[in-house]
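Some notes on the structure that comes next.
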Amino acid sequence: MKKYFVIGNPINHSLSPKLHNYWLKENNINATYDKIKLEENEIENFIFKIKNQEINGCNVTVPFKKIVIPFLDKLSPEAERTQSVNTISFLNGNLIGHNTDIDGFEKALNQLNYKVKDKKILILGAGGVVPSIIFALDKMQASKITVSNRTNKKAEDLKFQFNKINTVSWGEVPDFDMIINATSLGLNNETIDLDTSNIGGGKLFYDVIYNPSETNFLKVGKKLGSQTENGKLMFIYQAFEAFRLWHEVEPNVNDELIRFLNHD
Ligand code: ATR
């Protein structure tokens, strides 16, 4: 029986096992998928188990998406560009790091029928998932990408990776079509101190957080007359791409699956 895992710390909240096991069963694939909390000094040994095929692959979540890179043999071009790996596979003797967060974000927006082309995007936060979001937005031809982060230096550092982006200081709200919360604010019911006085209606408020399903950030967007969306579809589609890489099967994404996941 093949074995897959998601590694992270903390990991308790992860819905990945529920999703992957659902698809494994649906596709009659003889494999298991579990979550495992690791400390940083346990990463190398864990990845070695994939190399010797005790384990067949893994997803990687916060805070290890960059830390795993030195232990891999190859990176996909997207993982290389973003320096972020969320999926590890093993092919022809090589450990390969992939980034399926990019595709997950793009597919989620496609499903919403939201066209990023020529739109001005404001990203709040500069943590682990932000390079993937910038990469996807750039690919979808956003006209302007602005990053605002509490620790301004982290936003500035992203310019070395993506020289087209702009930065503004935390609290500043330039004109935008779509605003993305990529901070951890909202996971525990926190509010984001946004000056909403110049934000008109008809925007898209997008939160990478999906649990809770409606953060205070999304509530603000709703109140301002904007479309809102949480990170559930992005989560589902990053898993979809990982599943396809490992099992060479495209799993189903439908309302029944979304309802099944919403029970948490
Ligand atoms: P990491 O920064 O380790 O990659 P992350 O969960 O991916 O972790 O990112 C957390 C994001 O939420 C960061 O952008 C962080 O801002 P800082 O870079 O200033 O730490 C942001 N964040 C967390 N708590 C915050 C708070 N109280 N106010 C504003 N931003 C906050």
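Every heavy atom of this structure was used, including side-chain atoms; hydrogens, water molecules and symmetry mates were not. In what follows, residues are counted from 1 in the order of the sequence shown. We count ligands from 1, going down the list as the structure has it; atoms in each ligand are counted the same way.
Within a 6.0 Å sphere centred on NZ of Lys219, heavy atoms belonging to other residues, nucleotides or ligands number more than 12.
With salt bridges taken as basic N to acidic carboxylate O contacts below 4.0 Å, none links Asp255 and Arg259.
With sequence neighbours left out, Glu172 forms a salt bridge (Lys or Arg N to Asp or Glu O under 4.0 Å) with no residue at all. For the ring pair (Phe, Tyr, Trp, His ring centres under 6.0 Å) test, no residue two or more places apart in sequence or in another chain qualifies with Phe176.
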Can you list, pair by pair, the side-chain donor-acceptor contacts under 3.5 Å of residues 127-144, counting residues two or more places apart and other chains?
{"residue": "Ser132", "atom": "OG", "partner": "Asn99", "partner atom": "ND2", "Å": "2.9"}
{"residue": "Asp138", "atom": "OD1", "partner": "Lys164", "partner atom": "NZ", "Å": "3.0"}
{"residue": "Lys139", "atom": "NZ", "partner": "Glu106", "partner atom": "OE1", "Å": "2.7"}
{"residue": "Ser143", "atom": "OG", "partner": "Asp118", "partner atom": "O", "Å": "3.3"}
{"residue": "Ser143", "atom": "OG", "partner": "Lys119", "partner atom": "O", "Å": "3.2"}

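With hydrogens and angles disregarded, a donor-acceptor distance shorter than 3.5 Å links the side chain of Asn254 to the backbone of Leu257.
Using a heavy-atom distance under 4.0 Å as the criterion, the protein contacts of ligand 1 are Gly125, Ala126, Gly127, Gly128, Asn149, Arg150, Thr151, Lys154, Trp170, Thr183, Ser184, Leu185.
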